Amino acid sequence: MILITGSTGQIGRLVTEHLLNIGVPVRAFVRDEKSFDYLGNSSLEVAVGTFEDKKSIEKAVEGVDRLFLVARDNPNQVAQHDNVIKVAERCGVKHIVKLSAFGASKNSPIFLMRAHAETEEQLRNSKMNWTFLRPQLYMQNLLRFGDSVAENNRFSAPMGANAFALVDIRDVAVVAAKVLKDGDHASKIYTLTGPNAINYTEIAKYLSTILHQSIKYHPVPPEEFYQTLLSEGKPSWRAHDLAYIAEAYPRDRKSLITNDISDLLQRPANSIQTFLSDHQTTFQRKE
Ligand SMILES: NC(=O)c1ccc[n+]([C@@H]2O[C@H](COP(=O)([O-])OP(=O)(O)OC[C@H]3O[C@@H](n4cnc5c(N)ncnc54)[C@H](OP(=O)(O)O)[C@@H]3O)[C@@H](O)[C@H]2O)c1
């Protein structure tokens, strides 16, 4: 049995869907059964619980061989994952596939990347097999600019002129489903990126072409972005990560890109043009 944590989230939901579509039975770990779509599918079991509640994790991992470990970034993430790792190891789980992040490092200026590095280390020190999936920034983050583009033909972000090899979460989810289904890939780190490194001015150009109107990117200084998020009530650790995340990526475009998605899936990773075109209605004015 495969246990999917974070199964109501962006990635976990797609991984659950892929595995069910190819007939692989899964158990979904959910906090609230009502927020889950796939009830009624005969290949799906649901285990209700939280990362804080070790008893619920114990019940959820009963008979589980492989586990997909995903959470929402939060200040308690390392402790939450520590609970899952310890219970899973004690209860006989053989392999954990961890959704981590490009740039995971204890020396990163970004909190979430330091947290991922700590959990990776806990897994390396466990007796279980592990695989780390380290996606770069998600293309889906761009969907947040939908209203701004639709209403004002522009979007703002603290990304300067830096390029990123943004990755489509649909690719990340197919890779995760494959790794979980195959059951090998032990001690492998897959760095999941899009096929090209692009900056936000180039993204604005692609959007302009797709939408047939001029869209502009407005770079915001990170400190200004940070202060705005604080004034909107974001906790400082999160405001800092969102404002300064560009600092965590190399400047050299070539070192942003890997072939891991195409090697694993035997097809190219989705391009930004495909992504923007598939989601163009999000950026269009609603009548
Ligand atoms: N955004 C990016 O560009 C990017 C890039 C690389 C890596 N990442 C990494 O991707 C991960 C987030 O993935 P995602 O976007 O799929 O997440 P998401 O959509 O925010 O979903 C998070 C999931 O975790 C569950 N969850 C949260 N707290 C929990 C708890 N205490 N106990 C049990 N379940 C809990 C949520 O359940 P509920 O539905 O009940 O809340 C939800 O299913 C993060 O680790 C992030 O660092 C993000």
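As the structure lists them, so they are numbered: ligands from 1, and atoms in each ligand from 1. Note that this is a predicted model, so its numbers are computed, not measured.
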Could you tell me whether the side chains of H116 and K98 share a donor-acceptor contact shorter than 3.5 Å?
->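 Side-chain D/A pair, H116 to K98: present.
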Is any N or O atom of [X], backbone or side chain, closer than 3.5 Å to an N or O atom of ligand 1?
X	value
Q77	no
F51	yes
Q136	no
N141	yes
Q10	yes
G12	no

Is it the side chain, the backbone, both or neither of [X] that has a heavy atom closer than 4.0 Å to ligand 1?
X	value
R134	neither
S100	backbone
Q80	side chain
I11	both

Students should be able to answer this: which protein heavy-atom is nearest to [atom], and at what distance?
atom	value
atom 21 (O) of ligand 1	G9 CA, 3.3 Å
atom 11 (C) of ligand 1	A71 O, 3.5 Å
atom 46 (C) of ligand 1	D73 OD1, 3.2 Å
atom 20 (O) of ligand 1	R72 NE, 2.9 Å
atom 23 (C) of ligand 1	G6 CA, 3.6 Å
atom 10 (O) of ligand 1	Y138 OH, 2.8 Å
atom 37 (O) of ligand 1	T8 OG1, 3.2 Å
atom 27 (C) of ligand 1	R31 NH2, 3.5 Å

Where at least one partner belongs to residues 63-92, residue pairs that pass ring pair (Phe, Tyr, Trp, His ring centres under 6.0 Å), sequence neighbours excluded =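 Counting only pairs at least two positions apart or across chains, the ring pair (Phe, Tyr, Trp, His ring centres under 6.0 Å) contacts touching residues 63-92 are F51-H81.
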Report the C-alpha distance between E118 and Q122 in whole Å, list the side-chain angles of each, state the deciding distance to 0.1 Å, and finish with yes or no for side-chain hydrogen bond (donor to acceptor under 3.5 Å, both in side chains).
-> CA-CA 6 Å; E118 269 196 58; Q122 284 168 335; 5.4 Å; no
Just how far is it from atom [atom1] of [X] to atom [atom2] of [Y], taken to the nearest 0.5 Å?
X	Y	atom1	atom2	result
L242	F225	CG	CZ	6.5 Å
N141	I169	CG	CD1	9.0 Å
R31	E52	CZ	CD	7.0 Å

Could you tell me which atoms of ligand 1, counted from 1 in the order shown, lie closer than 4.0 angstrom to a heavy atom of V70?
->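 Within the 4.0 Å cut-off of V70, ligand 1 contributes 13 (O).
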Which pairs with one or both residues in residues 133-147 pass salt bridge (charged side-chain N to carboxylate O under 4.0 Å, His left out), sequence neighbours excluded?
->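 Passing the test, one end in residues 133-147: E120-R134.
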Between D241 and R114, is there a side-chain N and carboxylate O pair less than 4.0 Å apart?
->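 Judged by the 4.0 Å cut-off on N to carboxylate O distance, D241 and R114 do not form a salt bridge.
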Can a salt bridge be assigned to the pair R27 and E62 using a cut-off of 4.0 Å between side-chain N and carboxylate O?
->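 Salt bridge between R27 and E62, a charged N being under 4.0 Å from a carboxylate O: no.
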Is there a path of hydrophobic side-chain contacts, each under 4.5 Å between heavy atoms of I, L, V, M, F, W or Y residues, that connects V167 with F102?
->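 Hydrophobic grouping puts V167 apart from F102.
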Would you check if V24 and L180 make a side-chain contact, meaning some heavy-atom pair closer than 4.5 Å?
->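 They are not in contact (no side-chain heavy atoms under 4.5 Å apart), so the answer is no.
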Taking the six-membered ring for Trp and the full ring for Phe, Tyr or His, determine whether the centres of H279 and F275 are under 6.0 Å apart.
->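 Here the rings of F275 and H279 have centres that are less than 6.0 Å from each other.
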Taking atom 31 (N) of ligand 1 as the point of reference, which of E52, M113, K98 owns the nearest heavy atom?
->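 Comparing heavy atoms across E52, M113, K98, the nearest one to atom 31 (N) of ligand 1 lies in E52.
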